[in-house]
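So the structure is just underneath, and the comments pick up after that.
All values below come from the heavy atoms of this structure, side chains included, with hydrogens, waters and symmetry mates left out.
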Amino acid sequence: MSKPQITDPGLSTAETPAAADQRPATNYLRAIGAVAWKDLAAELRSRELLSAMLVFALLVILIFNFALELDVKTRTSVTAGVLWVTFAFAGTLGLNRSMAIEKDRGCLDGLLLAPVDRSAIYFGKVISNLVFMLIVEIIVLPAYSVLYNTNLFQPGLMGVILLGSVGYTAVGTLLSTMSVQARTRDVLLPILLFPVVLPILIAAVKASSGFLQGAEMTAIMPWLNLLIGYDVIFTAIAFMVFDYVVEE
């Protein structure tokens with residue numbers, strides 16, 4: 001005579017314990033996707049954030065183009081610095097506007113009241129901010145290539161830009177959440193952000209310059225390792241402290 005099987009009353013008859021264990025992870029990923037999609041859909045309707053970032057980035061490149069009337073060799077040496085100055089300033093503008101819109105429209109309070117882990121809100125905002133920054137970079141790179149007559153479409157350089165953008169948005173999203181509560185948020189965010197992201201900007205400029213100038217991988221790898229380590233460490237820190245930041 002077989003023993004009766006004991007099942008968890010909280011599980012449906014068609015659901016296995018393994019499926020029940022996967023539900024929290026699935027719900028977490030859905031929450032991240034919902035936050036990111038909300039930002040992307042709102043931007044598709046208004047086009048307020050991307051327009052400001054693109055205009056600012058293109059103006060910076062145009063100014064540098066007329067300011068740096070240099071020969072081809074010298075232009076190659078300053079390309080990485082000009083690119084990352086443009087990305088950093090445009091990214092800061094986007095991060096500031098992204099959280100300011102949430103605060104001014106009262107959406108931030110609604111997100112915090114949602115019955116999900118608050119780190120899901122953080123990762124959703126990071127994804128949407130990263131998408132905005134990458135769109136700007138995709139448009140800026142061809143414009144820069146035309147103005148400076150420089151080939152920027154190199155796999156190594158693309159990887160550096162992606163790693164740098166991930167770290168920049170990961171830290172910037174956390175700090176913009178902190179500064180959005182202040183009345184001087186437009187001034188406060190750059191003051192908080194640039195000292196923290198200085199290592200990633202230096203590493204990104206050095207690695208980008210190495211790829212553009214055809215340096216050996218042994219000279220570039222330390223900077224790539226710094227980028228990867230920065231991304232992992234600061235994303236983990238932001239994940240752990242985001243709940244306390246929004247509580248304040």
Side-chain angles (χ1 to χ4, degrees), residues 53-54 56-95 123 126-127 129-175 190 193-239:
M53 293 174 67
L54 276 173
F56 185 84
L58 293 175
L59 283 175
V60 171
I61 287 181
L62 201 60
I63 291 170
F64 273 117
N65 182 55
F66 289 106
L68 301 175
E69 294 183 353
L70 307 172
D71 55 75
V72 176
K73 184 177 180 180
T74 309
R75 281 191 174 191
T76 303
S77 65
V78 302
T79 291
V82 173
L83 279 178
W84 281 103
V85 166
T86 305
F87 296 157
F89 286 163
T92 303
L93 177 64
L95 290 167
F123 284 117
V126 168
I127 291 173
N129 289 329
L130 179 61
V131 170
F132 296 147
M133 192 167 179
L134 290 177
I135 291 174
V136 171
E137 291 166 352
I138 289 171
I139 297 174
V140 163
L141 289 177
Y144 189 97
S145 297
V146 171
L147 289 173
Y148 284 78
N149 194 23
T150 304
N151 180 24
L152 299 178
F153 296 95
Q154 303 179 25
L157 180 61
M158 298 297 105
V160 171
I161 291 174
L162 179 60
L163 288 174
S165 300
V166 169
Y168 198 89
T169 53
V171 177
T173 301
L174 177 67
L175 295 180
L193 180 59
F194 287 139
V196 179
V197 298
L198 189 60
I200 201 169
L201 292 177
I202 293 174
V205 169
K206 292 292 186 179
S208 300
S209 181
F211 281 113
L212 289 172
Q213 296 179 13
E216 297 291 335
M217 282 301 298
T218 53
I220 301 175
M221 278 307 298
W223 301 111
L224 290 178
N225 292 333
L226 178 58
L227 283 172
I228 295 170
Y230 186 100
D231 290 357
V232 172
I233 292 171
F234 278 86
T235 301
I237 292 173
F239 168 75

Scanning both residues in full, the closest heavy-atom pair of P199 with L226 reads O-CD2, 4.0 Å
Could you report the tightest heavy-atom contact between G172 and L95, atom names first, then the distance? CA-CD1, 3.5 Å
Aromatic ring pairing Y168/F194, orientation class (parallel under 30°, perpendicular over 60°, tilted between): tilted
Does any non-hydrogen side-chain atom of T79 lie less than 4.5 Å from one of Y144? yes
Which value, rounded to the nearest 0.5 Å, describes the distance between M133 atom CE and I161 atom CD1? 9.5 Å
L134 CG to L162 CG distance, which is reported to the nearest 0.5 Å: 6.5 Å
Could you tell me which non-hydrogen atom of I220 sits nearest to which non-hydrogen atom of G210, and how far apart they are? CD1-C, 3.7 Å
Check whether any side-chain heavy atom of F56 sits under 4.5 Å from a side-chain heavy atom of V60, and report yes or no. yes
Pair F64, V78 - check side chain to side chain contact (heavy atoms under 4.5 Å, CB included), show working. CA-CA 10 Å; F64 273 117; V78 302; over 6 Å; no
Could you measure the distance from the CD1 atom of I127 to the CZ atom of F123? Nearest 0.5 Å is fine. 8.5 Å
At their closest point, which heavy atom of G164 faces which heavy atom of L227, and how far apart are they? CA-CD2, 4.3 Å
4.5 Å side-chain heavy-atom contact, L212 and L152: yes
So, applying side chain to side chain contact (heavy atoms under 4.5 Å, CB included) with Y230, which one of L163, T235, V197 is it? V197
Here the pair of heavy atoms bringing M217 nearest to F211 is SD-CE2, 3.9 Å
Check the pair I200, F234 against side chain to side chain contact (heavy atoms under 4.5 Å, CB included), reporting the backbone distance first and the verdict last. CA-CA 11 Å; I200 201 169; F234 278 86; over 6 Å; no
Nearest 0.5 Å, please: how far is CG in L193 from CG in L198? 10.5 Å
How many angstroms lie between CG in L141 and CD in Q154, if you round to the nearest 0.5 Å? 11.0 Å
M53 and A90: which non-hydrogen atoms are nearest, and at how many Å? CE-O, 3.5 Å
Using side-chain heavy atoms (C-beta onward) and a distance below 4.5 Å, is W223 in contact with V205? no
Spacing of CG belonging to L54 relative to CG belonging to L59, to within rounding of 0.5 Å: 10.5 Å
Within the 4.5 Å heavy-atom criterion, are S165 and F87 side-chain neighbours or not? no
